[in-house]
J.: 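Here you go, one structure.
Just so we're on the same page: letters track the sequence lines, and every chain starts at 1. The structure displayed is predicted, hence computed values, not measured ones.
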Protein chains: 2
Amino acid sequence: MAHGARGGRSGGRPTLEEVAARAGVGRGTVSRVINGSPRVSAATRAAVEAAVAELGYVPNNAARALAANRTDAIALVVPEPETRFFAEPYFSDMLRGVGAELAETQMQLLLIFAGNDRERRRLAQYLAAHRVDGVLLVSVHADDPLPDLVAQLEIPAVISGPRSAAETLTSVDSDNYDGARQAVEHLLARGRRRIAHITGRLDVYGAQRRADGYRAALRDAGYEADLRLIEVGDFTEEGGHRAMGALLDRCPDLDAVFAGSDVTAAGARRLLREAGRRIPDDVALIGYDDSAIARHMDPPLTSVRQPIQEMGRRMIDLLLTEIADRRPAPTRELEPRQLVLPAELVVRASS
Amino acid sequence: MAHGARGGRSGGRPTLEEVAARAGVGRGTVSRVINGSPRVSAATRAAVEAAVAELGYVPNNAARALAANRTDAIALVVPEPETRFFAEPYFSDMLRGVGAELAETQMQLLLIFAGNDRERRRLAQYLAAHRVDGVLLVSVHADDPLPDLVAQLEIPAVISGPRSAAETLTSVDSDNYDGARQAVEHLLARGRRRIAHITGRLDVYGAQRRADGYRAALRDAGYEADLRLIEVGDFTEEGGHRAMGALLDRCPDLDAVFAGSDVTAAGARRLLREAGRRIPDDVALIGYDDSAIARHMDPPLTSVRQPIQEMGRRMIDLLLTEIADRRPAPTRELEPRQLVLPAELVVRASS
DNA sequence: ATCACCTGTGGGAGCGCTCCCACAGTATCT
DNA sequence: AGATACTGTGGGAGCGCTCCCACAGGTGAT
């Protein structure tokens with residue numbers, strides 16, 4: 001009777017055992033029905049389902065998690081302050097894709113911000129306690145220790161945007177190299193010949209890939225690299241403004257700019273306007289991300305679109321696969337998968 | 001040995017029992033230390049803490065949840081599609097407040113969208129499974145069955161914005177009545193005498209209260225109610241535009257408008273402009289919510305600000321209290337608490 | 001000295017599941 | 001006919017905790 005009062009045997013929620021008694025079968029059989037095992041006869045299954053309905057039975061999740069050693073939850077970790085999460089459409093698109101894919105399953109999504117030190121410590125605790133079956137890492141910087149922590153704890157994880165060409169975690173990315181190529185080839189096709197590039201932060205792998213794509217497109221078209229046409233930026237508007245100034249000083253004859261992000265392009269546009277250059281008449285401009293900024297810019301900005309929602313969906317796919325694969329043989333070594341989705345050029349008036 | 005292989009006795013995470021053995025104490029004592037019970041001597045506590053550190057022990061959450069019948073998680077339920085969640089600053093402010101308050105505890109926050117039927121069914125399942133200790137309900141419409149479901153399942157809950165004066169759930173709200181009063185009194189003080197009101201959807205209790213406050217302010221100033229000055233709106237811009245048209249037809253001599261929301265005010269402004277009325281020279285305009293719209297309107301809109309972040313914080317306070325109070329005596333009846341926080345008028349150029 | 005009452009501690013029982021072994025009953029092969 | 005294999009089922013053991021009872025040893029009142 002030690003526990004009789006606690007659980008409230010009579011008034012509380014029904015248990016598996018009670019369902020079994022009601023249906024006149026054993027505990028194991030009810031468990032099999034609940035979990036959709038095929039090893040149950042149709043008649044038995046019907047009887048159990050009737051008992052479940054009559055009693056309004058819902059499995060106790062904690063018991064299930066304890067016995068089966070899983071949580072049926074995965075975490076979406078955002079290593080940014082909440083402010084940015086709401087400000088950038090990237091996250092909402094990603095969340096939409098993730099949510100849509102997850103709705104098919106009975107997995108639960110946890111949204112975890114790790115924008116400051118305290119939040120990060122909490123997250124580390126949380127992961128150490130294995131309170132989730134897997135982790136989605138989005139928007140992680142190259143020097144972030146989070147991916148290593150996750151790997152060390154042997155928690156299945158998928159990262160959006162590999163940290164380098166040698167990424168050890170499973171990753172999903174869009175094709176930054178080809179996206180940049182498309183942008184540059186489009187500019188070449190429109191007759192531009194002096195095409196500059198303002199890069200993103202080069203410690204972000206995607207920014208490196210975009211710069212690579214830019215160079216490759218020019219090289220393949222027979223133009224030899226002109227380093228004066230490349231200026232390192234940092235994804236910010238201010239950086240774009242500054243970089244554009246430097247480029248214009250060095251190469252007053254440039255006739256196109258491929259910017260590493262839409263925000264960067266906005267900064268570049270501001271300087272071009274100050275310098276009296278018309279877009280696209282004097283200088284064509286292309287951004288990256290196809291964000292709201294691009295659509296509302298004057299003139300509307302040609303930009304490279306990443307299929308972010310689709311990326312979210314595929315990240316869940318891969319994560320669920322990884323979780324399934326690690327069960328029940330945690331020893332088997334899985335080679336990391338690197339999925340790359342196509343990017344797409346959205347042409348508007350700026351080019 | 002049935003389970004020997006499953007759990008991985010040797011290589012896996014340490015258990016309470018192992019910590020106890022290491023520290024040379026009993027299982028109960030370790031549990032007491034982990035849970036911060038005062039009934040442990042300083043020496044014993046130190047020994048246990050050392051063992052915990054050496055072994056890198058982290059409690060197994062599922063086991064804890066099963067044994068103690070709690071989950072250490074609460075849900076923030078958003079009965080809207082995700083789109084609106086990201087579009088409206090209301091939610092991000094709320095989330096910030098909630099997050100800040102929750103960071104003090106070791107409770108986990110779950111963000112759950114219930115914007116469509118499927119999501120709602122999932123949520124119902126989730127609640128029935130008692131996978132959270134408590135629920136925060138935000139932005140709930142009057143006819144939403146969610147609050148009743150929660151009440152019926154006897155899950156502690158706090159609602160933002162009571163559904164009526166007779167709300168049975170614990171609620172946190174801002175003072176809509178007084179906010180409206182402040183707006184109208186401000187207009188009166190500036191010499192306006194023909195003050196119109198475009199209400200919000202009147203099935204939203206807060207909108208009713210704003211209308212009440214509007215009427216009370218006028219009555220207290222000695223003006224008898226002129227029903228022609230009130231037009232029912234619906235919180236949308238289109239509704240504001242339409243309502244403003246109706247008001248102007250009926251009362252061409254009005255000299256001020258108090259709108260039920262900033263969005264409504266934006267619609268009203270559009271019509272006023274079309275009608276050639278200058279703001280604030282001919283007609284003063286006041287909105288509600290103090291959203292980004294208000295700051296960026298031309299002219300900047302005077303608006304009533306609700307302390308949304310603070311509301312989020314207080315909701316958590318109340319919810320945690322409620323959870324604590326229901327343990328371990330679920331029978332004790334708690335009277336619902338209705339907390340009302342002050343609203344504040346932010347004066348700008350439109351009035 | 002006796003009794004009552006604290007403080008600190010150990011450990012049994014139980015939370016509600018899943019996993020897996022055992023076994024009855026039937027079908028299939030030699 | 002016997003051996004072999006499968007299908008469907010029951011239930012023991014165990015997951016890692018918390019709760020609570022029991023009890024040792026100390027302290028103060030009578």
J.: Reckon T44(B) has a side-chain N or O less than 4.0 Å from the OP1 or OP2 of dT9(C)?
T.: yes
J.: Over how many whole Å does the gap from L55(A) atom CG to dG16(C) atom P extend?
T.: 14 Å
J.: What is the distance, to the nearest angstrom, from the CD atom on E17(B) to the C1' atom on dG12(C)?
T.: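 To the nearest whole Å, that distance equals 11 Å.
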J.: Return the value, rounded to whole Å, for the distance between atom CG of N60(A) and atom P of dC15(C).
T.: 11 Å
J.: Check whether E322(A) reaches the backbone of T170(A) with its side chain - one donor and one acceptor, N or O, closer than 3.5 Å.
T.: no
J.: Is it the case that the base of dT9(C) and the side chain of R39(B) share a donor-acceptor contact (distance under 3.5 Å, atom types as modelled)?
T.: no
J.: Checking contacts here: which listed nucleotide (dT9(D), dC17(D), dC15(D)) is nearest the side-chain heavy atoms of T29(A)?
T.: dT9(D)
J.: Just the rounded figure in Å: distance from P of dG16(C) to CZ of R13(A).
T.: 9 Å
J.: Calculate the interatomic distance between N61(A) atom CG and dC15(D) atom C1'; express it in whole Å.
T.: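 Distance check: N61(A) CG to dC15(D) C1' gives 15 Å.
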J.: Return the value, rounded to whole Å, for the distance between atom CZ of R64(B) and atom C1' of dC15(D).
T.: 16 Å
J.: Would you mind checking if R122(B) and E119(B) are paired as a salt bridge, meaning a charged N to carboxylate O distance below 4.0 Å?
T.: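 No, E119(B) and R122(B) are not salt-bridged.
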J.: More 5' along DNA chain D: A63(B) or S41(A), using each one's nearest nucleotide?
T.: S41(A)
J.: With a 4.0 Å limit, can you tell me whether S31(B) has a side-chain N or O closer than that to the phosphate oxygens OP1/OP2 of dC17(D)?
T.: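 Answer no for this pair, as no side-chain N or O of S31(B) is under 4.0 Å from OP1 or OP2.
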J.: Rounding to a whole Å, what distance do you find between H130(B):NE2 and dG16(C):P?
T.: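 Spelled out: NE2 on H130(B) to P on dG16(C) is 12 Å.
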J.: Under 3.5 Å, is there any donor-acceptor pair linking the side chain of R32(A) to the base of dG10(D)?
T.: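 When only heavy-atom distances are counted, R32(A) does reach the base of dG10(D) through a donor-acceptor pair under 3.5 Å.
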J.: So, does N35(B) get its side chain near the phosphate of dT18(D), meaning an N or O under 4.0 Å from OP1 or OP2?
T.: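 For dT18(D), OP1/OP2 do have a side-chain N/O of N35(B) under 4.0 Å.
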J.: With respect to the side chain of V40(B), which nucleotide from dG16(D), dT9(C), dT18(C) is positioned closest?
T.: dT9(C)
J.: In terms of ring plane angle, is the pair F85(A) and F113(A) parallel, tilted or perpendicular, where the classes change at 30° and 60°?
T.: perpendicular
J.: Is R27(B) side chain donor-acceptor paired with the dG12(C) base, going by distance under 3.5 Å alone?
T.: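 When only heavy-atom distances are counted, R27(B) does reach the base of dG12(C) through a donor-acceptor pair under 3.5 Å.
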J.: Regarding R120(A) and D117(A), does a basic nitrogen lie under 4.0 Å from an acidic carboxylate oxygen?
T.: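 A salt bridge is absent here (no side-chain N lies under 4.0 Å from a carboxylate O).
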J.: I need the CG-P distance between L66(B) and dG14(D), as an integer number of Å.
T.: 17 Å
J.: Looking only at heavy atoms, what is the nearest atom pair of M311(A) and D173(A), with distance?
T.: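 Looks like CE-CA, 3.9 Å.
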J.: Nearest to the side chain of A68(A), heavy atoms from C-beta on, is which of dC19(C), dC15(C), dG16(C)?
T.: dC19(C)
J.: Does R45(A) get its side chain close enough to the base of dG8(D), under 3.5 Å, for a donor-acceptor pair?
T.: no
